[in-house]
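Reviewing the structure listed below.
All residue numbers refer to positions in the sequence shown, counting from 1. A quick note: this is a predicted structure, and the numbers were derived from the prediction, not measured.
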Amino acid sequence: MKAAIIMGSTSDLSKVEPAIDILKSKNIEVKVRCLSAHRASKQLYEFIEEINNDGTEVVITAAGMAAALPGVVAAQTVLPVIGVPLSGSVLDGQDALYSIVQMPPGIPVATVAINGGKNAAWLALEIMAVKHPELREMLLQERKSMQESAIKANEEVSAKYE
């Protein structure tokens, strides 16, 4: 199982690392690149060609400001592309969110919350789970664990204030 993560700048790395960690913890092979759609367009194109042909199943893209990266990637592949809008500009990520979510018909980018790298990883796992039953089972167990944690937290709060 393979995924790719592309960020537009090394300043984005701290916001992307949680996604890398989640995917790797689930035994997903992850290719990580820092390729700006504006400043490294040729290298970005070459990398997209590589992942189009190497078994990669989903691409996470993270970008701020104009956030062209997710759209540029989506325009060059039919792999599912997940966009992570990043804060960092005077508009605190709203500019990136609007840029990513407003893709033209036929070139979609799934979009998560501003700085939502973790959810991008979980969404990537869900997309891959359609093809990989063992991943689907792991996700079901993960959800069960989350539910148990939430119930336990509720019980602790209830007991404290009753």
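- Residues in residues 65-75 take part in no side-chain hydrogen bond (donor to acceptor under 3.5 Å, both in side chains) pair, two or more places apart or across chains.
- In the hydrophobic clustering of this structure, I22 groups with M7; members are Ile, Leu, Val, Met, Phe, Trp, Tyr whose side-chain heavy atoms approach within less than 4.5 Å, directly or through other members.
- L69 is not connected to V16 by any chain of hydrophobic side-chain contacts under 4.5 Å among Ile, Leu, Val, Met, Phe, Trp and Tyr, and they are in different clusters.
- Closest of all the heavy-atom pairs between A74 and P108 is CB-O, 3.8 Å.
- Atoms CE and CG, from M65 and L91 in turn, are 9.5 Å apart once rounded to the nearest 0.5 Å.
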Is there a side-chain contact (heavy atoms from CB on, under 4.5 Å) between I5 and L23? Walk through the geometry before answering. CA-CA 10 Å; I5 297 180; L23 292 171; 4.0 Å; yes
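- The same ILVMFWY cluster, assembled from side-chain heavy atoms under 4.5 Å apart, contains both L79 and I6.
- Between V58 and I82 there is a side-chain heavy-atom pair separated by less than 4.5 Å.
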Can you give each donor-acceptor pair under 3.5 Å made by side-chain atoms of residues 30-52, sequence neighbours left out, with the distance rounded to 0.1 Å?
residue, atom, partner, partner atom, Å
K31, NZ, E50, OE2, 2.6
K31, NZ, D54, OD2, 2.6
S36, OG, H38, N, 3.1
S36, OG, R39, N, 2.9
K42, NZ, E46, OE2, 3.1
N52, OD1, T77, OG1, 2.4
N52, ND2, I48, O, 3.3
N52, ND2, Q76, O, 3.0

Determine all donor-acceptor pairs shorter than 3.5 Å in which one atom belongs to a side chain in residues 96-105; sequence neighbours excluded.
residue, atom, partner, partner atom, Å
S99, OG, A66, O, 2.4
S99, OG, A67, O, 3.4

Please tabulate, for side-chain N and O atoms in residues 109-117, each donor-acceptor pair with protein atoms closer than 3.5 Å (sequence neighbours left out).
residue, atom, partner, partner atom, Å
T111, OG1, V109, O, 3.1
N115, OD1, S87, N, 3.1
N115, OD1, S87, OG, 3.4
N115, ND2, S87, OG, 2.9

Donor-acceptor pairs under 3.5 Å, side chain of residues 119-141 to any protein atom, not counting sequence neighbours: which ones?
residue, atom, partner, partner atom, Å
E126, OE2, R143, NH2, 2.6
H132, NE2, E57, OE1, 3.0
H132, NE2, E57, OE2, 3.0
E137, OE2, Q141, NE2, 3.1

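- Residues V81 and P70 approach most closely at CG1-O, 3.9 Å, considering heavy atoms.
- Applying the side-chain hydrogen bond (donor to acceptor under 3.5 Å, both in side chains) test to every pair with at least one member in residues 150-161, sequence neighbours left out, gives no pairs at all.
- Between E142 and K26, the closest side-chain pair of non-hydrogen atoms falls below 4.5 Å.
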